Visitor: 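I have a structure here, written as structure tokens, and I will follow up with some questions on it.
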Amino acid sequence: MENEGRMSRLASMLRRRGVILPSFEMYGGVSGLVDYGPVGASIKRRVVDCWIDHWTGIPNVREIDSPTITPESVLQASGHVGEFNDHMSECKGCKRVFRSDHLLEGVHENPDTLDAAKLDDEISRNGVCCPSCGSSEWGISSPMNLMFRTSIGAMGNARAAYMRPETAQGMFMLYPALFRHFRQKLPFGAVQTGKGYRNEISPRQGMIRLREFNMAEMEYFIDPESPPEVDLDRWGSEAVLLPDPEGPFPGEHRVSFSKAFESGIVRHPTVAWFLAMTMEFLEKVGLDPGKVRFRQHGGSEMAHYASDCWDCELLGEHGWIECVGIANRTCHDLLAHEEHSGSSQLRGWRQFDSPRVDSRDVLAPIGSVIGPKLKDKASEVTELLGELQELPDSLPFNLDLGDGSVVQITEEMVTRKTVEVTSHGEYFTPHVIEPAFGIDRIVWHILDHNFREVEKEGENYTILSLNQEIAPFDVSVLPLFDKDGMGEMARGIATRIREIKGIVVDIDSSRSIGRRYARCDEIGVPWALTVDHTSLEEGSVTVRRRDDQLQVRALVDDIIIRLANGTMEGLF
RNA sequence: GCGGGCAUGGUCUAGUGGUUAUGACAGCAGGUUCCCAACCUGCUAACCCGGGUUCAACUCCCGGUGUCCGCACCA
């Protein structure tokens with residue numbers, strides 16, 4: 001097998017050249033944590049920049065930045081605390097793991113209130129059998145919350161907190177500020193990139209499951225009754241979709257995104273739009289479109305907050321890996337935060353085309369009668385009468401106060417009349433569609449898809465064919481020899497290039513020219529400029545293109561202009 | 001988290017109860033070459049951590065950590 005060991009050769013190269021390395025290695029390392037070295041950090045930064053440019057290209061999308069430390073109450077509202085504080089028990093017979101409290105259902109009244117010791121105690125005392133194999137031998141239950149717990153403040157006043165498991169909550173916290181910023185008009189969105197933390201039980205597969213990782217998420221808020229116009233043809237080609245196998249479209253579908261939406265495979269237009277935009281982004285950063293597919297979550301797989309979710313999976317050395325999730329989170333988060341925080345600012349306003357006039361019959365309370373008669377219950381009764389949806393046919397009638405007590409409403413307490421209410425619009429809770437990207441996984445797959453092992457004059461040779469936008473350096477300047485003024489000239493050229501905004505330049509004068517070309521190729525530098533004797537006389541250098549190793553001669557002044565406006569290809 | 005394999009310069013590796021601990025590649029300095037990892041000379045650089053056995057441990061044993069494979073987990 002030719003590809004035997006490709007992954008370890010790639011990993012070796014990444015370590016050797018300072019792209020991605022295990023963290024804290026001199027202290028033994030920590031599994032699930034990695035460093036981006038001097039080459040990798042630059043690649044990662046450019047991927048993130050590219051991502052931000054891509055998504056903020058949508059009108060009304062701005063970048064925000066929130067803390068990674070998050071108070072417990074926020075994550076209680078979002079469901080992260082409750083969903084992940086489960087204790088797990090392992091069956092000693094078949095090694096399967098179950099939620100400890102689920103094992104006690106029907107045995108104990110509220111199993112979810114028990115702590116670890118009580119759970120174990122109850123499980124063994126009741127002789128609970130394994131639902132899978134029937135054994136009643138259980139290991140000690142262990143808590144399984146994937147969040148890193150911490151506390152804000154010292155000593156007794158400390159407030160419980162977690163390192164954020166996703167950047168999304170920061171965007172929800174800023175919803176009121178975003179709503180004001182965008183002049184109270186939907187749709188709008190916010191993007192955020194940054195670290196997220198999950199204390200994985202057993203991280204494996206290097207870059208794929210990290211405990212601290214880079215995420216990039218957008219929360220796009222829409223009015224569910226009038227979703228935005230979308231352009232599904234921005235990715236015109238077909239993509240591979242794998243809808244829920246339990247749903248109406250089992251199997252693999254190779255369709256365009258507009259077809260996928262028209263045929264109902266993708267239910268929501270905004271979701272379909274983001275699938276297309278995701279495809280567009282992935283190609284932009286140099287992933288192989290033939291190694292991309294979209295898979296819809298089945299019901300049981302769905303996150304607690306989502307109503308529909310498509311994973312974008314990339315094929316690499318680790319198989320198909322989920323790198324992007326596009327979820328319709330509906331109104332789940334905003335509603336939850338409204339309930340838990342008591343804030344009333346997590347809403348959108350839907351203006352009616354013309355004011356609506358509702359007329360309805362009411363029993364208008366007569367304060368001068370109700371007040372003296374009902375005393376301290378008067379205000380409550382007044383309120384309840386206002387909320388009454390169906391009026392009683394005749395009076396008197398009994399009004400249920402909801403606390404068990406009942407008040408008789410008599411003829412003289414109220415007047416029956418028709419009121420007209422004019423409303424110009426209504427509040428609603430926006431829905432949110434979220435594309436969430438795992439940046440590290442994407443970087444890994446970019447490296448994987450672009451790591452080319454070729455043969456050059458009988459030798460093994462590696463080229464990292466990165467797109468220039470995400471290459472660690474745009475160009476490397478190489479004096480053929482560091483003598484006769486070639487070194488000085490090269491340094492002068494590098495200085496001029498360094499002044500071009502957004503262009504990163506490297507200079508290398510050690511060892512033979514062929515060796516330096518090889519080093520550039522290995523870390524994906526797309527252009528090399530070689531300064532030779534002719535350069536000193538004519539002000540020209542040879543330009544070498546990484547991907548085919550072709551060379552042309554060009555004037556330095558021309559190259560500077562071409563680097564600045566991105567037309568280097570025009571030289572060939 | 002369970003079971004098994006592995007852990008030696010930057011990378012890939014050889015090897016031993018007492019060695020000056022291999023070799024290749026990479027790197028550095030010089031020479032040479034004068035546009036694709038060439039060549040010559042010299043140099044830098046390693047036994048994962050902790051405990052134990054032993055006169056002596058890189059080597060044997062135990063524990064930890066990391067890593068790989070399988071099982072489990074992965075909102």
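In what follows, chains are A, B, ... by sequence order, proteins preceding strands, each numbered from 1. Given the structure is predicted, the values throughout are model-derived calculations rather than measurements.
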Visitor: Once you round it to whole Å, what is the distance between C1' of rA75(B) and CZ of F213(A)?
Guide: 11 Å
Visitor: Quiz question: by atom type and distance under 3.5 Å, do the side chains of R519(A) and S510(A) form a donor-acceptor pair?
Guide: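 R519(A) vs S510(A): donor-acceptor pair found between side chains.
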Visitor: Paired with rU20(B): which nucleotide, if any, by Watson-Crick or G-U wobble criteria at under 3.5 Å for both distances?
Guide: none
Visitor: I'd like to know whether F172(A) forms a side chain to side chain contact (heavy atoms under 4.5 Å, CB included) with V74(A), so could you lay out the CA-CA distance, the side-chain angles of the two residues, the decisive distance to 0.1 Å, and finally the verdict.
Guide: CA-CA 10 Å; F172(A) 299 130; V74(A) 173; over 6 Å; no
Visitor: Under a 3.5 Å cut-off for both distances, is rA72(B) Watson-Crick or wobble paired, and to whom?
Guide: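 For rA72(B), the partner nucleotide comes out as none, under the 3.5 Å rule.
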Visitor: Name the residue closer to the 5' end of RNA chain B, choosing between D508(A) and V531(A) according to the nucleotide with the nearest heavy atom.
Guide: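 In this pair, the answer is D508(A).
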Visitor: Donor-acceptor pair, distance only, cut-off 3.5 Å: does the side chain of S42(A) make one with the backbone of P472(A)?
Guide: yes
Visitor: Can you check the I208(A) CD1 to rC74(B) P distance for me, whole Å?
Guide: 18 Å
Visitor: E538(A): what forms a side-chain contact (heavy atoms from CB on, under 4.5 Å) with it, not counting sequence neighbours?
Guide: T534(A), S540(A), R553(A)
Visitor: Angle between ring planes, W444(A) versus H318(A), binned at 30° and 60°: parallel, tilted or perpendicular?
Guide: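 Rings of W444(A) and H318(A): tilted, 30 to 60°.
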Visitor: Where the side chain of Y517(A) is concerned, which of rC73(B), rC35(B), rA75(B) is the nearest nucleotide?
Guide: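 Selected nucleotide (nearest to the side chain): rC35(B).
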Visitor: Please tell me whether Y517(A) and Q551(A) have a donor and an acceptor in their side chains that are separated by less than 3.5 angstrom.
Guide: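 Their side chains do contain a donor-acceptor pair, which is all the 3.5 Å distance test asks for.
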Visitor: May I ask you to verify if any side-chain N or O of S510(A) is less than 4.0 angstrom from the OP1 or OP2 atom of rG27(B)?
Guide: no
Visitor: Does R516(A) contact rC36(B) through a side-chain donor or acceptor facing the base, at a distance under 3.5 Å?
Guide: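 Absent.
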Visitor: Salt bridge check: are D508(A) and R516(A) linked by an N-O gap of less than 4.0 Å?
Guide: no
Visitor: Please list every donor-acceptor pair under 3.5 Å in which a side-chain atom of residues 480-492 of chain A meets a protein atom from a residue at least two apart or in another chain.
Guide:
unit_1: D484(A); atom_1: OD2; unit_2: H533(A); atom_2: NE2; d: 3.4

Visitor: How long is the line joining CD of E200(A) and P of rC73(B), in whole Å?
Guide: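 Those two atoms, CD and P, are 13 Å apart.
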Visitor: Rounded to whole angstrom, note down the C1' distance from rC47(B) over to rA57(B).
Guide: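 It works out to 11 Å between them.
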Visitor: Can you tell me the pairing partner of rC39(B) across any strand shown, Watson-Crick or G-U wobble, with both distances under 3.5 angstrom?
Guide: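 Per the H-bond distance test, rG31(B).
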Visitor: Hey, does the side-chain of Q551(A) have a donor or acceptor N/O within less than 3.5 Å of a partner on the base of rC36(B)?
Guide: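 Present.
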Visitor: Are there any protein N/O atoms within less than 3.5 Å of an N/O atom in nucleotides 39-49 of chain B, and if so, which ones and at what distance?
Guide:
none

Visitor: Where do Q468(A) and L563(A) come nearest, in terms of heavy atoms and distance?
Guide: NE2-CD2, 4.5 Å
Visitor: Does any nucleotide pair with rA14(B) by Watson-Crick or G-U wobble geometry, both distances under 3.5 Å, and what is it?
Guide: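 Because no pair has both required distances under 3.5 Å, rA14(B) counts as unpaired.
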Visitor: For P243(A), give me all partners under side-chain contact (heavy atoms from CB on, under 4.5 Å), at least two apart in sequence or on another chain.
Guide: F249(A), H253(A), I265(A), Q296(A), W310(A)
Visitor: Can you sort out the partners of R204(A) under salt bridge (Lys or Arg N to Asp or Glu O under 4.0 Å), two or more places apart, ordered by chain and number?
Guide: none
Visitor: Looking for any heavy atom pair under 4.0 Å, which part of the strands does Y461(A) touch: base, sugar-phosphate only, or nothing?
Guide: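 It contacts base atoms.
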Visitor: Just jot down the salt bridge (Lys or Arg N to Asp or Glu O under 4.0 Å) partners of R452(A), sequence neighbours excluded, or say none.
Guide: D547(A)
Visitor: When rounded to the nearest Å, what value does the distance between C1' atoms of rG18(B) and rA24(B) take?
Guide: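 One C1' to the other, the span is 28 Å.
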Visitor: Hey, which of F281(A), F274(A), Y220(A) is the one that makes ring pair (Phe, Tyr, Trp, His ring centres under 6.0 Å) with W55(A)?
Guide: F274(A)
Visitor: Counting only Watson-Crick pairs (N1-N3 plus N6-O4 or O6-N4) and G-U wobbles (N1-O2, O6-N3), all under 3.5 Å, who is the partner of rA56(B)?
Guide: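 rA56(B) is unpaired by these criteria.
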Visitor: With rounding to the closest Å, how many angstrom separate the C1' atoms on rC6(B) and rC12(B)?
Guide: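 About 15 Å, rounded to a whole number of Å.
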Visitor: Can you name the atoms? Protein N/O to nucleotides 57-59 of chain B N/O, anything below 3.5 Å, with the distance.
Guide:
none

Visitor: Can you list the residues that meet the side-chain contact (heavy atoms from CB on, under 4.5 Å) rule with M163(A), with sequence neighbours excluded?
Guide: T68(A), I69(A), F148(A), T150(A), Y197(A)
Visitor: Rounded off to whole Å, could you give me the OH-to-P distance for the Y162(A) and rA75(B) pair?
Guide: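 In whole Å, rA75(B) P lies 18 Å from Y162(A) OH.
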Visitor: For the P atoms, the ones on rC74(B) and on rU16(B), what distance do you get once it is rounded to whole angstrom?
Guide: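 Each nucleotide's P atom is 45 Å from the other's.
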Visitor: Which pairs pass salt bridge (Lys or Arg N to Asp or Glu O under 4.0 Å) with one or both residues in residues 212-222 of chain A, sequence neighbours excluded?
Guide: K195(A)-E212(A)
Visitor: Measuring only the C1' atom in each nucleotide, how far is rG10(B) from rA46(B)? A whole number of Å is fine.
Guide: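 Between the two C1' atoms, the distance is 10 Å.
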Visitor: Could you give the distance separating rU53(B) and rC28(B) at their C1' atoms, to the nearest angstrom?
Guide: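 Going atom to atom, C1' in each nucleotide, I get 43 Å.
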Visitor: Once you apply a heavy-atom cut-off of 4.0 Å, does E459(A) come out as touching a base, just sugar-phosphate, or nothing?
Guide: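 If one applies the 4.0 Å heavy-atom cut-off, E459(A) turns out to touch nothing in the nucleic acid.
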Visitor: According to the Watson-Crick and G-U wobble definitions, with both distances under 3.5 Å, which nucleotide is paired to rA7(B)?
Guide: rU65(B)
Visitor: Do any N or O atoms of the protein come closer than 3.5 Å to N or O atoms of nucleotides 3-13 of chain B, and which pairs are they?
Guide:
unit_1: rU11(B); atom_1: O3'; unit_2: S12(A); atom_2: OG; d: 3.4
unit_1: rC12(B); atom_1: OP1; unit_2: S12(A); atom_2: OG; d: 3.2

Visitor: Checking Q192(A) now: which residues fulfil side-chain contact (heavy atoms from CB on, under 4.5 Å) with it, not counting sequence neighbours?
Guide: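 Partners of Q192(A) by the side-chain contact (heavy atoms from CB on, under 4.5 Å) criterion, ordered by chain and then number, come out as I64(A), D65(A), S66(A), R164(A), T167(A), M171(A).
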Visitor: Nearest heavy atom decides the nucleotide; on that basis, is R519(A) or T542(A) closer to the 5' end of RNA chain B?
Guide: R519(A)
Visitor: Could you check whether D521(A) gets within reach of a base, just the sugar-phosphate, or nothing at all, counting any heavy atom under 4.0 Å?
Guide: nothing
Visitor: For R198(A) and rA75(B), give me the distance from atom CZ to atom C1', rounded to whole Å.
Guide: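 The distance from CZ of R198(A) to C1' of rA75(B) comes to 7 Å, rounded to the nearest Å.
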Visitor: Would you say a side-chain N or O of S512(A) is under 4.0 Å from OP1 or OP2 of rA38(B)?
Guide: yes
Visitor: Classify the nucleic acid contact of S31(A) as base, sugar-phosphate or nothing, counting any heavy atom under 4.0 Å across all strands shown.
Guide: sugar-phosphate
Visitor: Atom NE2 of H80(A) to atom P of rC74(B): distance rounded to whole Å?
Guide: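 These atoms are roughly 15 Å apart.
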Visitor: Quick one, which residues of residues 486-496 of chain A touch RNA chain B with a heavy atom under 4.0 Å?
Guide: none
Visitor: Do R496(A) and D557(A) meet the salt-bridge criterion of a basic N to acidic O distance under 4.0 Å?
Guide: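 Result for this pair is yes, salt bridge flagged.
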Visitor: Expressed in angstrom and rounded to an integer, what is the separation of D532(A) atom CG from rC36(B) atom C1'?
Guide: 14 Å
Visitor: Mind checking the C1' distance from rG9(B) to rU32(B)? Whole angstroms is fine.
Guide: 28 Å
Visitor: Nearest whole Å is fine: how far is rU33(B) P from D482(A) CG?
Guide: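 So the two atoms are 17 Å apart, to the nearest Å.
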Visitor: Can you tell me how far C1' in rU19(B) sits from the matching atom in rA56(B), rounded to whole Å?
Guide: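 These two C1' atoms come out 14 Å apart once rounded.
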